[in-house]
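Working notes, beginning with the structure itself.
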Amino acid sequence: MPTVKGDAMRGLAVFISDIRNCKSKEAEIKRINKELANIRSKFKGDKTLDGYQKKKYVCKLLFIFLLGHDIDFGHMEAVNLLSSNKYTEKQIGYLFISVLVSASSELMKLVIQSIKNDLSSRNPTHICLALQCVANIGSREMAEALMGDIPKLLVSGDTIDSVKQSAALCLLRLQRTSPDLVQMGEWTSRVIHLLNDQHMGVVTAAVSLIEALVKKNPDEYKGCVSLAVSRLSRIVTSSYTDLQDYTYYFVPAPWLSVKLIRLLQYYPPPEDPAVKTRLTECLETILNKAQEPPKSKKVQHSNAKNAVLFEAINLIIHMDSDPNLLVRACNQLGQFLQHRETNLRYLALESMCLLATSEFSHEAVKKHQETVINALKTERDVSVRQRAVDLLYAMCDRSNAEEIVSEMLSYLETADYSIREEMVLKVAILAEKYAVDYTWYVDVILNLIRIAGDYVSEEVWYRVIQIVINRDDVQGYAAKTVFEALQAPACHENMVKVGGYILGEFGNLIAGDPRSSPSVQFQLLHSKFHLCSGATKGLILSTYVKFINLFPEIKNQIQDILGHDNQLRNSDVELQQRSIEYLRLTSITTADVLATVLEEMPPFPERESSILAKLKKKKPSSVKEGGEGRPHPHPRAEMNNAESGAPAPPVTAVPPLQMSSPSTPGSATQSADLLGLGMPVTNQANTAPPQNNAALLVDILGNAGETPKNGMPNDTGGLGNSFNIDDDSFTRFISKNNGVLFENDLIQVGLKSEYRQNLGRFGMYYGNKTSFPLQEFSTDFTYPGDSNTELNVQLKPVPTLVEGGAQCQQLINIECIKEFKDAPILNVHFRYSGTPQNISIKLPVMVNKFLGPAEMKKEDFFLRWKQLNLPEQEAQSIFKAKFTMDQEQINAKLIAYGMTLLEGIDPNPENYVAAGILHTRDQQIGCLLRLEPNKQTQLFRLTLHSTKQLVSTQLCELLETQL
């Protein structure tokens with residue numbers, strides 16, 4: 001086809017028309033194949049193709065690719081177009097490269113060279129095309145090759161505004177794909193000063209880039225605060241005519257305003273009084289403008305104005321320092337609570353949840369309580385009702401707790417199923433937190449079970465039992481209340497559990513009333529027995545044996561039940577075993593022995609509510625971290641734990657494992673053989689597969705409430721199943737020594753560990769959760785990196801067959817030879833029903849596990865600190881706190897981490913100082929730590945000194961995940 005200028009590639013238009021006119025898929029494919037053959041012959045045989053023809057054929061290939069067909073040629077011709085001086089030809093070349101050439105292609109070096117040539121040219125159009133290509137591909141190779149050129153374009157005084165915009169956005173893309181390579185270095189201050197640029201488009205692009213860089217290193221870019229405040233002030237005080245080109249429906253530069261306000265939220269309130277005053281004026285102006293009559297009735301105007309307003313309120317909440325601004329923000333949000341726009345009501349409720357946590361605005365939020373309660377009852381959108389529940393939870397305190405809990409209970413009867421479980425948790429937390437009279441708390445929990453029994457998790461009813469046991473003043477009332485609740489014709493199984501537990505412990509407190517005599521209590525509870533699940537029946541049987549101790553007069557009735565064939569020959573092996581043991585216990589022991597064995601449960605150790613931990617898993621941002629052991633129903637182990645006060649394990653059909661007693665997760669191990677690993681490895685099978693194998697390791701690990709993260713299966717081509725465990729399971733063990741490493745439908749892998757200087761010992765437990773044997777069972781290790789020279793791992797033998805419902809144990813010895821980075825990988829192999837299974841688990845061996853205590857005086861600490869001041873001896877990190885900055889929690893985490901907490905060392909009492917010694921075979925490495933919290937910004941500055949940079953870096957990274 002001859003070259004005709006201005007014909008707009010008529011051949012391409014004809015080809016597209018032919019494709020559209022095809023009557024069938026076969027006709028389309030035939031036409032495409034014909035065109036591909038023609039293009040291929042042109043590229044191979046015609047040496048006289050000019051730029052226009054190459055561009056036309058490359059466009060056809062692009063169109064064919066976009067139709068879903070593979071293109072395996074034409075790439076070189078597209079690269080040749082990049083050297084053209086014509087805009088249209090260069091544009092098509094870059095478009096083809098961006099769409100069809102992968103980052104790993106061999107042609108990428110030629111592409112990068114062409115991009116370099118265009119970036120160094122004086123044609124801004126060519127520069128923009130090159131930058132757009134880099135931003136579209138964003139490969140690491142491009143970042144390595146071009147990081148010296150792009151920042152120069154961004155800060156150069158000769159660069160035109162459109163190129164600066166493209167350069168800033170191109171750097172933003174590279175920062176997201178290769179953050180370690182985007183280092184501004186000498187250009188930092190000049191990048192920050194782009195906020196003062198005259199061109200608003202350049203400022204908008206620069207703010208996006210600076211925000212991304214600030215996330216990585218806020219200290220380096222803290223100079224942007226004053227410039228951002230200055231630019232924001234100029235925008236909010238200007239009229240829509242002053243920034244006509246950047247005004248959106250009478251709102252001056254709303255996108256830039258939002259970006260600037262968001263950037264300021266990465267820093268604490270400005271320390272400079274002038275800057276702080278100017279920022280306060282900006283925020284007041286935004287709040288004042290929100291009160292003005294709208295300049296347009298169009299929704300775009302209100303959307304833009306409200307976007308700026310809500311971001312400003314977020315900044316006010318973040319600063320949390322000006323009571324006037326906080327109260328004004330609360331009042332402004334209160335006006336939106338009844339707005340006709342659903343989105344505004346949702347955003348208002350969400351922002352007020354944050355305001356409710358501030359001491360300055362909490363009372364102002366409470367003034368809108370009635371409006372929020374009304375929203376809970378009348379809102380049509382379930383997401384808005386969810387936010388109303390969150391706000392009621394956040395605004396609740398001792399003065400309004402009863403009213404809010406009552407309203408939430410009332411709404412719970414008709415609440416959406418999707419939010420019921422969370423509402424139950426929040427009601428339970430509020431009732432416990434603000435209970436003055438614990439009889440009210442008991443009433444609330446029992447009402448929860450009555451109204452939403454299916455959504456009352458184990459943590460909730462475990463907690464009420466724990467509180468009742470720990471408080472003598474409420475035990476009689478609780479027994480009377482649950483006795484009355486059990487008389488309802490339709491009684492939820494959770495109510496039976498609570499009733500069985502409490503009556504078994506405190507039924508004697510109400511036995512004096514003929515209406516609740518021992519015989520009546522027993523008959524009432526037994527009337528529910530046949531309707532319950534196996535676990536609940538086990539609990540009730542334990543209650544019966546407790547009744548024999550409390551009420552000897554009904555011993556014969558209970559023994560008749562325990563000795564009935566329905567129990568002694570029960571198909572449920574757990575219930576059968578309980579019945580036999582309880583019957584024998586009550587038949588051969590004296591009254592004194594029976595009273596000792598079945599005495600009342602002692603108080604549980606006071607710990608933070610496990611309900612908070614449950615709620616935190618659902619909404620991590622709304623609840624501070626917490627967790628605790630939970631009380632359990634009456635299994636056999638309860639009687640063994642009566643003296644110690646330890647919570648009994650749950651009612652599950654756990655095989656009779658001969659393991660040592662569990663230790664508290666995360667506690668330091670002191671005994672010589674804490675793990676009880678001196679015994680030979682055994683493969684203990686049960687007579688029948690367990691009913692509930694989920695708790696197979698619960699007796700030895702003591703963490704029934706913790707669910708490990710399962711691995712994700714990889715495709716193995718039908719030859720078997722493989723699982724690779726991610727780092728979540730690994731980081732859970734940084735400050736703990738016992739737990740479940742992995743669990744799926746087939747197997748549960750748990751570990752107990754202890755460390756002494758440079759030596760560690762693991763007890764690995766492999767539990768078969770199925771009723772079929774795991775065959776060809778074996779384990780081995782792989783070492784990433786150089787860890788085979790840094791760690792010495794010795795595996796003891798493991799049985800090759802694990803029977804259904806059984807568990808086997810393996811001993812692993814580990815020696816730290818020198819400082820290390822990567823943990824070894826434990827590979828577990830077995831066959832299940834003939835299918836090979838492979839599990840790879842990152843064994844939780846971290847540097848901090850080999851830390852030992854180091855006591856130091858103040859002068860010795862600072863002397864040693866100054867000696868370790870070389871860059872290669874220090875690691876520092878500034879990061880956002882993941883949890884509430886609670887002093888006791890931080891102390892506990894630092895101690896569990898392995899270092900000695902030194903008090904009275906740092907001049908600032910808010911800071912934390914710790915010291916430790918890392919033990920290796922070759923040497924002992926001293927480690928010093930300083931942790932500086934900033935409660936206003938919720939940021940930590942963590943500094944670690946040691947003689948080895950790898951040690952400092954590793955300890956810093958590990959501890960950051962815990963704080």
Side-chain angles (χ1 to χ4, degrees), residues 405-406 408-432 438-469 474 477-507 510 516 520-544 546 572 575 609-611 614-615 618 630-635 650-652 691-692 694 705:
V405 168
S406 175
M408 292 176 75
L409 278 173
S410 175
Y411 173 67
L412 190 57
E413 297 194 42
T414 57
D416 300 82
Y417 296 114
S418 60
I419 65 174
R420 283 194 180 187
E421 184 179 1
E422 187 178 330
M423 280 193 69
V424 167
L425 292 175
K426 289 184 173 178
V427 169
I429 291 170
L430 294 179
E432 178 185 344
Y438 274 87
T439 59
W440 172 73
Y441 168 76
V442 171
D443 288 338
V444 169
I445 300 300
L446 295 184
N447 269 331
L448 275 181
I449 297 174
R450 178 183 59 81
I451 295 170
D454 290 338
Y455 299 90
V456 176
S457 63
E458 290 182 336
E459 285 80 4
V460 175
W461 73 267
Y462 288 164
R463 187 61 177 168
V464 71
I465 289 172
Q466 188 179 52
I467 288 175
V468 170
I469 288 175
V474 79
Y477 180 82
K480 177 176 177 294
T481 307
V482 296
F483 175 77
E484 293 172 351
L486 287 174
Q487 297 180 47
C491 187
H492 195 275
E493 187 168 335
N494 281 338
M495 187 73 78
V496 177
K497 292 176 182 177
V498 175
Y501 202 117
I502 291 179
L503 291 179
E505 295 292 338
F506 311 113
I510 62 171
S516 55
V520 173
Q521 291 185 42
F522 170 66
Q523 294 298 335
L524 176 61
L525 200 55
H526 193 59
S527 67
K528 312 293 182 183
F529 186 85
H530 66 285
L531 301 173
C532 298
S533 64
T536 306
K537 286 180 179 179
L539 183 151
I540 296 175
L541 288 177
S542 297
T543 300
Y544 291 168
K546 286 273 188 174
D572 187 329
L575 298 180
S609 171
S610 59
I611 312 176
K614 176 83 172 179
L615 185 60
K618 296 178 69 63
R630 58 192 187 189
H632 299 288
H634 300 279
V651 181
T652 49
Q691 285 182 321
N692 181 2

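Closest of all the heavy-atom pairs between Met495 and Leu486 is O-CD2, 3.9 Å. Contact detail for Gly453 and Asn494: the closest heavy-atom pair is O-ND2, 2.9 Å. When all heavy atoms of Ser516 and Ile510 are compared, the closest pair comes out as OG-O, 2.5 Å. For the residue pair Val496 and Lys528, the shortest heavy atom distance occurs at CG2-CB, 4.1 Å. The shortest non-hydrogen separation linking Val456 to Leu448 is CG2-O, 3.7 Å. Contact between Cys491 and Ala485 at its shortest, heavy atoms only, is SG-O, 4.0 Å.
Between the Arg463 side chain and the Glu458 main chain, no donor and acceptor come within less than 3.5 Å of each other.
For Phe522, the ring-ring contact (aromatic ring centres under 6.0 Å, His included) criterion is met by His526, Tyr544, not counting sequence neighbours. Under the salt bridge (charged side-chain N to carboxylate O under 4.0 Å, His left out) criterion, Glu484 pairs with Lys480, not counting sequence neighbours. For the side-chain contact (heavy atoms from CB on, under 4.5 Å) test, residues two or more places apart in sequence or in another chain that qualify with Asp416 are Val382, Arg385, Tyr411, Ser418, Ile419.
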Residues His492, Asp454; criterion side chain to side chain contact (heavy atoms under 4.5 Å, CB included); working and verdict: CA-CA 8 Å; His492 195 275; Asp454 290 338; 2.6 Å; yes
Criterion side chain to side chain contact (heavy atoms under 4.5 Å, CB included) on Trp440 and Val405, from CA distance to verdict: CA-CA 11 Å; Trp440 172 73; Val405 168; 3.9 Å; yes
Audit row: Phe529, Leu541, side chain to side chain contact (heavy atoms under 4.5 Å, CB included) steps and yes/no: CA-CA 9 Å; Phe529 186 85; Leu541 288 177; 4.1 Å; yes
Residues Ile451, Val424; criterion side chain to side chain contact (heavy atoms under 4.5 Å, CB included); working and verdict: CA-CA 10 Å; Ile451 295 170; Val424 167; over 6 Å; no
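The CG atom of Leu425 sits 6.0 Å away from the CD atom of Glu421 when rounded to the nearest 0.5 Å. The OH atom of Tyr455 sits 13.5 Å away from the CD atom of Glu422 when rounded to the nearest 0.5 Å. Put simply, CZ on Phe483 and CG on Leu503 are 8.0 Å apart, with the number rounded to the nearest 0.5 Å. Rounded to the nearest 0.5 angstrom, Glu493 CD and Trp461 CH2 are separated by 9.5 Å. Distance check, rounded to the nearest 0.5 Å: CE of Met408 to NZ of Lys426 gives 7.0 Å. If you take CG on Leu575 and CD1 on Ile540, they are separated by 10.0 Å, rounding to the nearest 0.5 Å.
Residues Ile469 and Tyr501 meet the side-chain proximity criterion, which asks for heavy atoms closer than 4.5 Å. Looking at heavy atoms from C-beta onward, Val474 lies in side-chain contact with Val442 at the 4.5 angstrom threshold. Annotation: side chain of Lys537 is not in contact with side chain of Asp572 (no heavy-atom distance under 4.5 Å).
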